[in-house]
Amino acid sequence: MRAVVQDRFGPPEQVLRVTDIDRPEPGPGEVLVRLRATSVNTPDWIAVAGVPYALRLAARAKGAVRGTDVAGTVAALGEGVTGFGVGDAVFGTKWGSGFATAGTFAEYTTTGADRLVRMPAGLSFTDAAASVMSGLTARAAVVDAAAAGPGTRLLVNGASGGVGTFAVQIAKHRGAHVTAVCGPGNLDLVRGLGADAVVDYTAADFTAGADRYDAILDNVLNHPPRRAFRALAPGGVYLPNSIGNSVGLLAGLATMAGANLRGVLTRTRVASVDGGFTPERLAEVGDLVTSGAVTPVVDRVYPLEETPAAVARMYSHRARGNVVITMGD
Ligand SMILES: NC(=O)c1ccc[n+]([C@@H]2O[C@H](COP(=O)([O-])OP(=O)(O)OC[C@H]3O[C@@H](n4cnc5c(N)ncnc54)[C@H](OP(=O)(O)O)[C@@H]3O)[C@@H](O)[C@H]2O)c1
């Protein structure tokens, strides 16, 4: 099968190559999926680039196939799998199985049957792929961590990325008042997603203004937590959610740890965003999309052969919404 294989850590277009490798076999409890689409997420570019450097201890480079989001059809069932049939359209994840060597930047992948759900009618493979990690993360932030609802004032920093575009729409669907922070070229995009207020980060600093928020979803971590805390209303919650765009041993992980420590010291609520998969959570995201409450924003769709460019696009931190890769027709 065609697959995108990594040789070493570094810039995506220098270290990824498209080649032929053996098709994986589904083990007991696993499903072989013929992929129709996947997307590029933070774990993919950090595993390709090898930053934070600490990650290199866990993610070996040579021969690895990256990618975690699954959208495709069931090609074969491993021993003991029930509930799926060959040809079923499914979406789900490989995330949580470590930086596995049989990722989704390929024509086929295997994953646990318990990490897949049937795609609802009306969901395209492209939208399904865009919805897995970005949708699960945004849902976790808005629903579980912020408990956003009518009257909640939510600020989303990094509103124009994959996670941010889902978060703005899910929060609006739940009746929250949403302030979206992004660059000047994306203000119309986030307004179109329903944001009540927008902040152009090149013209204003949300941590220095007079507005206060019940929840701040921080997908960028470009302000020290002590400054971000100043924008919280009494009792508000800060959600640090970025491994970071910078190089370094720990990159954004250190800032997230610092935010948690400062939260304890200043009695400020800080909550982590657990975008982990459960079938129920992904089904909820799928329903939001097929009901029309949320429209996945897709930056660009790349054919599998152009995966190095797709990963480079995410690595630029300028993608508008989600970067999707498709396989075949
Ligand atoms: N908790 C989890 O399970 C989980 C899972 C996946 C991802 N994440 C985290 O979610 C975050 C967002 O990921 P993503 O996929 O949405 O894409 P992303 O590429 O990390 O974020 C894109 C956004 O970042 C903004 N941005 C980039 N550089 C900036 C800067 N210097 N100042 C201000 N804004 C800047 C962009 O704004 P403009 O382009 O408009 O300028 C855009 O809105 C990541 O940091 C990632 O670590 C967490």
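Counting starts at 1 for both ligands and their atoms, following the listed order. Atoms considered below: every heavy atom in the structure, side chains included; atoms not considered: hydrogens, waters and symmetry mates. Bear in mind the structure is a predicted one, so any value in this text is a computation, not a measurement.
Applying the side-chain hydrogen bond (donor to acceptor under 3.5 Å, both in side chains) test to Y238 and every residue at least two apart in sequence or in another chain returns D218. The side-chain hydrogen bond (donor to acceptor under 3.5 Å, both in side chains) check on S134 picks up N322, with sequence neighbours excluded.
Between F9 and A49, the closest heavy-atom pair is CB-O, 3.7 Å. Taking all atoms of both residues into account, the shortest heavy-atom contact from L136 to F277 is CD1-CA, 4.0 Å. Between L217 and L154, the shortest heavy-atom distance links the atoms N-CD1, 4.3 Å. Scanning both residues, T19 and V5, for their nearest heavy atoms gives CG2-CG2, 3.6 Å. Taking both residues in full, the closest heavy atoms of P24 and T110 are given as CB-CG2, 3.9 Å, listed atom of the first, atom of the second, then distance. Shortest non-hydrogen contact noted between V297 and R320 is CG1-O, 3.8 Å.
A cation-pi geometry, defined here as NZ or CZ lying under 6.0 Å from the six-membered ring centre and within 45° of its normal, does not hold between R34 and Y108.
For the pair M314 and ligand 1, the shortest N or O to N or O distance does not fall below 3.5 Å. For V273, a nitrogen or oxygen atom sits less than 3.5 Å from a nitrogen or oxygen atom of ligand 1, counting backbone and side chain alike. Polar contact with ligand 1: present for Y201 (N/O pair, distance under 3.5 Å). Considering backbone and side-chain N/O atoms, I243 comes within less than 3.5 Å of an N/O atom of ligand 1. For ligand 1, the polar-atom distance check finds no N/O of A319 at less than 3.5 Å from any of the ligand's N/O atoms. The shortest N or O to N or O distance between S134 and ligand 1 is not under 3.5 Å.
Note on ligand 1: R320 sits outside its first shell, no heavy atom being nearer than 4.0 Å. Ligand 1 lies less than 4.0 angstrom from a heavy atom belonging to N222.
Below 4.0 Å from some heavy atom of T137 lie the following atoms of ligand 1, by number and element: 1 (N), 2 (C), 3 (O), 4 (C), 5 (C), 6 (C), 48 (C). Every atom of ligand 1 with a heavy atom of A159 under 4.0 Å away is listed here by number and element: 43 (O). Close contacts between ligand 1 and T42 involve ligand atoms 7 (C), 13 (O), 44 (C), 46 (C), 47 (O) [criterion: under 4.0 Å to a heavy atom]. When each atom of ligand 1 is checked for a heavy atom of C182 under 4.0 Å away, the hits are 40 (O). When each atom of ligand 1 is checked for a heavy atom of S160 under 4.0 Å away, the hits are 36 (C), 37 (O), 38 (P), 39 (O), 40 (O), 42 (C), 43 (O). Which parts of ligand 1 touch R318 is read off a 4.0 Å heavy-atom cut-off, strictly below it: atoms 26 (N), 27 (C), 28 (N), 29 (C), 35 (C), 36 (C), 37 (O), 38 (P), 39 (O), 41 (O). Near G275, with a cut-off below 4.0 Å to any heavy atom, the atoms of ligand 1 are 3 (O). Listed by number with element, the atoms of ligand 1 under 4.0 Å from a non-hydrogen atom of N186 are 38 (P), 39 (O), 40 (O).
Tested against D44, the residues I325, T38, T307, T68 include a single side chain to side chain contact (heavy atoms under 4.5 Å, CB included) partner, T68.
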- prompt: Given N219 and N241, is the side chain to side chain donor-acceptor pair (under 3.5 Å) satisfied, shown in steps?
  reply: CA-CA 5 Å; N219 294 316; N241 182 50; 2.8 Å; yes
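Within the 4.0 Å heavy-atom criterion, the part of V220 lying near ligand 1 is the side chain and not the backbone. The side chain of M133, and not its backbone, has at least one atom closer than 4.0 Å to an atom of ligand 1 (non-hydrogen atoms only; side chain from C-beta on).
Of all the listed residues (V190, V323, N241), N241 holds the heavy atom that lies closest to atom 48 (C) of ligand 1.
The aromatic rings of Y315 and W45 sit tilted relative to each other, their planes meeting at an angle between 30° and 60°.
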